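The next block holds one structure in the form of structure tokens; read it before the comments.
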Amino acid sequence: MRDQTNTRTAAEALVDQLVANGVRHAFCVPGESYLAVLDAMCDRDIALTVCRQEGGAAMMAEAVGKATGRPGICFVTRGPGATNASPGIHIARQDSTPMILFVGQVARETREREAFQEIDVRGAFGSIAKWATEIDDADRLTEIVSRAFYTATSGRPGPVVIGLPQDMLTERVTAAAIPAFEPVDTWPGAPEMAELERLIAAAKRPLLILGGSRWTAPACAAITKFAARFALPVVTSYRRGHLFDPLHPCYAGDLGIGPNPKLLDRIKSADLVIMVGGRLGELPSQSYTLFDIPRPQMPFVHVHPGAEELGRVYSPHLAIHATPTAFAAALDNLDLKEARGEAEAAHADYLAWTEMPTEQPGGVNFGAVMVWLREYLPPNAILCNGAGNYAAWIHRFFRFRRFGSHVAPASGSMGYGVPAALAMKRLHPDRPVVCLAGDGDFLMNGQEFATAVQYGAPFVTIIADNSMYGTIRMHQEREYPGRVSATELRNPDFPAYARAFGGFGVSVERTEDFPDAFKQAQACGKPAIIRLAIDGEAITPTTTIAKIRARSLAEKKR
Ligand SMILES: Cc1ncc(C[n+]2csc(CCOP(=O)(O)OP(=O)(O)O)c2C)c(N)n1
């Protein structure tokens, strides 16, 4: 509460500064360590979502950072709260997402006694956060929070973690608020763009790969215009499918797990690859086999907002230190009269690979479900998911038509879909939001279904229930055929779970029953769970457990 002296507590100054920086949503699990912040939230214009576990809260903040390009905000308490939040920090780091995690900390005079739940914020988060610090002096709070916004968003974005000693938060401060930050753009230089022009003009089979963060809808539109001018095939990197309309005639496909073999051939035979925004990490690079390291076999242009990423793994023929937004805007000036790529053939390959669902064992064909959803959902729908083999059907058969319509962890963390879907529904109450989850995946943060009910956030969760940690079982059958260990699951009755939490639940045993179930789930106006009975044999869109096992056994006999 404000006193008569016109000073604010450090906690009030902190919340004011969040508001000044455009923060409208924050996610938390409360703790006695930061009561002063919770109190300051009472009279300020921030929608605070109270969650059931810090992992969920941190993933919600990460999802907001991913979707908006501005730091997602999360508050947790010291030791157990902070460590519970760590998966969100790891995702933000690997996915280059701006976020700020505030950790209520023990009082300064008890520090380093291993006081109750004390955590060394700098030590614990030093290697996974972009910056981890603690505010020791209340008078420097606004300076440090301002820096956190710049650090989280500049260059290659990432997570910042800030410890807030409990006694510091109630000190009175006179420091004025620091003006709102704006992310800093890095523009490509004229010599680099001239060299890019020369490389494209000389190429017969150039292609673009889009990935990473620091994109906007106008940047995606500028890239689309550029690709269309020169018929350049455009590939999207793992979990970045929303950067390019898959029905645009230049779209060549998704480069992630289980990509179209024809797409891989096309990339391998390209005579110029231009990677914009992403890192070409382990999954899109097909376990670092697609391009030679350190020097790719074909002319390779890497455009990245983080100077330290250029030359880190791949030694590019041309490095362009620029944000995707600035790079895309600069493309209009390229003068390339003759250049033509092979977009038409690439797009035909993409459509052929994704048009029809593959045959699957069992009553529910998840590919057919995804095809139905892609036709039924409007382009502004947002899909969220975590990790598991079920996601292979999303990547292959769904079509993300708009920037920001897919929110999923490129870092492959399970448990992400429910928190992300809730965060998206809080941000965009008018847009349809669908969470896709595996049975294992869902229960990693399934408790946040209660948060969805509490806030009346009616998104639909579709659980592909195959009663196992399918991805790991698949690897198990490849490496140790027939020796099933720690991958079987006995699941709860998911529709009953939904109802017990105050939501809607239904189980679908046959593909043809899915459309009605989905329409009912959408119409009920509550958070909903549709459980799909997926046959355990249907392990990927193209193979079965039995086939993988038989092949591995045959190979081992040789
Ligand atoms: C937090 C986390 N823990 C463990 C893993 C390793 N992992 C990847 S996929 C997977 C199994 C996923 O099972 P499920 O959600 O049921 O989906 P399925 O693969 O069966 O479709 C596991 C355990 C992970 N990626 N993330």
Side-chain angles (χ1 to χ4, degrees), residues 53-60 62-63 83-95 128 238-239 256-258 281-283 287 358 360-362 364-367 369-370 383-398 408-421 435-449 461-480 484-492 494 497 508 529-546 548-549:
Q53 214 262 19
E54 291 84 355
M59 288 184 198
M60 290 178 209
E62 199 277 347
T83 47
N84 269 352
S86 60
I89 300 302
H90 188 262
I91 296 167
R93 179 63 181 244
Q94 289 226 317
D95 286 33
I128 55 170
Y238 185 55
R239 301 247 149 114
I257 301 175
E282 184 168 352
L283 300 191
S287 302
T358 50
Q360 301 275 232
V364 178
N365 181 329
F366 198 42
V369 167
M370 294 315 302
L383 266 63
C384 303
N385 61 273
N389 263 31
Y390 70 89
W393 284 268
I394 310 173
H395 291 294
R396 179 148 169 193
F397 296 112
F398 198 77
S411 67
S413 176
M414 292 169 73
Y416 187 83
V418 174
C435 163
L436 295 137
D439 44 337
D441 183 33
F442 172 78
L443 278 177
M444 283 211 180
N445 272 316
Q447 76 285 345
E448 302 306 338
F449 195 75
T461 297
I462 299 170
I463 302 177
D465 179 1
N466 57 4
S467 297
M468 60 178 167
Y469 286 131
T471 310
I472 311 307
R473 173 75 185 279
M474 174 184 75
H475 289 296
Q476 212 158 51
E477 293 289 355
R478 276 183 189 149
E479 308 287 330
Y480 302 95
V484 179
S485 175
T487 49
E488 290 166 312
L489 296 174
R490 180 173 166 182
N491 283 321
F494 287 114
Y497 176 106
V508 169
I529 289 178
I530 303 176
R531 176 253 181 191
L532 301 181
I534 300 290
D535 191 308
E537 277 298 318
I539 196 65
T540 78
T542 45
T543 192
T544 61
I545 290 283
I548 294 175
R549 181 184 288 188

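Just so you know, these numbers use all the heavy atoms, side chains as well, and skip hydrogens, waters and symmetry mates. As the structure lists them, so they are numbered: ligands from 1, and atoms in each ligand from 1. Keep in mind it's a predicted model, so treat the numbers as computed, not measured.
No side-chain donor from either of Asp535 and Asn466 sits under 3.5 Å from a side-chain acceptor of the other. Between the side chains of Tyr469 and Glu488, no donor-acceptor pair of N or O atoms lies under 3.5 Å. A donor-acceptor pair shorter than 3.5 Å can be found between the side chains of Asp441 and Tyr390.
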Scan the side chains in residues 87-95 for donor-acceptor partners under 3.5 Å anywhere in the protein, sequence neighbours excluded, and list what turns up.
{"unit_1": "Arg93", "atom_1": "NH1", "unit_2": "Ala129", "atom_2": "O", "d": "2.7"}
{"unit_1": "Asp95", "atom_1": "OD1", "unit_2": "Ala410", "atom_2": "N", "d": "3.4"}
{"unit_1": "Asp95", "atom_1": "OD1", "unit_2": "Ser411", "atom_2": "N", "d": "2.9"}
{"unit_1": "Asp95", "atom_1": "OD2", "unit_2": "Lys66", "atom_2": "NZ", "d": "2.7"}
{"unit_1": "Asp95", "atom_1": "OD2", "unit_2": "Ala410", "atom_2": "N", "d": "2.7"}

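Partners of Ser467 by side chain to side chain donor-acceptor pair (under 3.5 Å), not counting sequence neighbours: none found. Annotation: ring-ring contact (aromatic ring centres under 6.0 Å, His included) contacts of Phe397 (sequence neighbours excluded): none.
At a 4.0 Å heavy-atom cut-off, the residues surrounding ligand 1 are Ala387, Gly388, Asn389, Tyr390, Gly412, Met414, Gly438, Asp439, Gly440, Asp441, Met444, Asn466, Met468, Tyr469, Gly470, Thr471, Ile472, listed by chain and number.
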